[in-house]
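Reviewing the structure listed below.
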There are 2 protein chains.
Amino acid sequence: MSLRYGLLGLLAEGPASGYDLARRFEAVLGAVWPAQQPKIYAELNRLAAEGLIEIDSEGPRRRKAYRITDEGLAAVRGWLTSGEVDHTLRIQSVLRSAFFWLMEPDELRAHLERERAHFAREAEWYRQYAAAKDRGDFGDSPQTRSLRVAAEAGHRLYQALADWADWTLDTRE
Amino acid sequence: MSLRYGLLGLLAEGPASGYDLARRFEAVLGAVWPAQQPKIYAELNRLAAEGLIEIDSEGPRRRKAYRITDEGLAAVRGWLTSGEVDHTLRIQSVLRSAFFWLMEPDELRAHLERERAHFAREAEWYRQYAAAKDRGDFGDSPQTRSLRVAAEAGHRLYQALADWADWTLDTRE
DNA sequence: GCTTCACATGTACCTTGGTACATGTCCCTA
DNA sequence: TAGGGACATGTACCAAGGTACATGTGAAGC
């Protein structure tokens with residue numbers, strides 16, 4: 001259950017509405033965790049019912065602002081250092097790579113040429129993302145600084161796939 | 001829906017029972033995708049109902065052996081080259097890194113020392129996994145060879161996290 | 001004053017994965 | 001020959017994420 005901790009973590013920076021959180025989730029955590037707007041509203045209601053957040057104010061345009069409670073802060077802090085972490089990669093590109101042998105040589109060649117470009121693009125995207133974070137394009141929030149490592153991790157992962165595609169193409173020609 | 005393609009991909013190598021597939025899924029794809037035994041049986045029945053696999057034989061001990069059909073092969077091949085791939089990392093260690101700033105300096109220091117060891121262990125695990133694949137410890141099935149790239153990708157990802165933990169600890173002392 | 005559109009919050013339903021537990025089968029050994 | 005245990009297949013339910021669609025609110029432009 002990562003959505004809830006993502007929301008609590010963002011709220012730890014200061015009060016925000018569901019709508020704000022949806023945009024910030026996308027901008028700040030989009031590269032690491034996806035979140036659909038409807039699920040955000042649902043989760044906020046659940047968190048409020050459990051007392052981990054509370055309504056800070058009700059502004060104009062039906063706008064509610066949520067604030068994290070002490071219990072909420074304790075919950076997200078506990079999660080940060082809590083035990084067992086799943087080490088499976090769960091990345092579709094990686095899983096698919098296990099079955100490339102099913103393709104005919106010509107088909108594989110064509111596919112890998114596309115994939116090489118794709119992986120290189122992903123690697124570059126994460127590199128740019130890291131550079132933008134370094135420049136402070138997303139503001140200089142604490143998450144933004146912390147996520148620098150996520151960008152680097154993504155870059156290295158996709159670079160590994162791109163290198164492998166290169167290697168496979170080279171040894172086949 | 002990756003479980004189904006994982007199963008189809010494994011069955012592309014040859015007929016197998018649900019029990020076999022559960023063990024092979026764990027051994028071959030365990031580092032990339034998790035699969036619970038009950039879900040495997042459920043998915044096999046669904047695949048059979050859709051005609052993507054069929055029962056090859058019913059052996060002793062209630063043992064059923066499934067065989068992939070031409071439709072099944074076409075489905076998994078189509079999946080290999082099909083469009084949109086999600087580029088989010090969805091790795092808990094990475095998401096958590098966004099909120100480390102919530103910890104007190106002393107707490108962060110202690111946590112990062114544990115994490116550094118953990119990341120280094122993960123990186124090493126993937127390195128060993130790659131080495132074992134190179135030696136052919138898991139047999140020399142086509143997936144095993146293909147998954148060499150997954151091991152490398154996992155290694156690089158966790159190495160990035162370990163490097164970052166080192167860097168953070170160094171610049172703080 | 002009416003329309004339009006971006007802002008803002010939801011409801012409903014579906015798919016997928018996670019987990020606890022039940023059952024059947026057959027070999028091996030005391 | 002009785003029973004323990006590995007092999008083998010499921011049922012049932014729950015948790016979480018994905019997606020389509022409905023609704024309310026208010027400012028800006030005509």
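Worth saying up front: this structure is predicted, and the values here are computed from it rather than measured. We use all heavy atoms of the structure for the numbers below, so side chains are in, but hydrogens, waters and symmetry mates are not. Throughout, a chain's letter reflects where its sequence line sits, starting with A, and its residues are numbered from 1.
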Review point. Under 4.0 Å: is that the gap between some side-chain N or O of A:Q36 and OP1 or OP2 of D:dG17?
Key: no
Practice item. Quick one: label A:R4 by what it contacts on the DNA or RNA (base, sugar-phosphate, nothing), any heavy atom closer than 4.0 Å. Key: nothing
In whole angstrom, give the distance that lies between atom [atom1] of [X] and atom [atom2] of [N].
X     : N      : atom1 : atom2 : result
A:I40 : D:dG17 : CD1   : P     : 11 Å
B:Q92 : D:dA16 : CD    : C1'   : 14 Å
B:L7  : C:dG17 : CG    : P     : 10 Å
B:D86 : D:dG17 : CG    : C1'   : 12 Å

Just list the side-chain donor-acceptor pairs under 3.5 Å for residues 152-159 of chain B, sequence neighbours left out, or say none.
| from | atom 1 | to | atom 2 | distance (Å) |
| --- | --- | --- | --- | --- |
| B:E152 | OE2 | B:R156 | NE | 2.9 |
| B:H155 | ND1 | B:A123 | O | 2.8 |
| B:R156 | NH1 | A:D163 | OD2 | 3.1 |
| B:R156 | NH2 | A:D163 | OD2 | 3.0 |
| B:Q159 | NE2 | B:D163 | OD1 | 3.2 |

Exercise for review: Quick one: which residue pairs count as a ring pair (Phe, Tyr, Trp, His ring centres under 6.0 Å) with a foot in residues 4-30 of chain A, not counting sequence neighbours?
Suggested key: A:Y5-A:W79
Taking [Y]'s backbone N and O only, do any of them form a donor-acceptor pair with [X]'s side chain (distance below 3.5 Å, no angle check)?
X     : Y      : value
B:R96 : A:S82  : yes
A:T69 : A:L52  : yes
A:R77 : B:L102 : yes

Revision key, fill the gap. Protein heavy-atom contacts under 4.0 Å, written 5' to 3' over nucleotides 6-16 of chain C as B (base), S (sugar-phosphate only) or - (none), form the string -SBBBB----S
Review point. Where is the tightest heavy-atom contact between B:S97 and A:V149, given as atom of each residue plus distance?
Key: OG-CG1, 3.4 Å
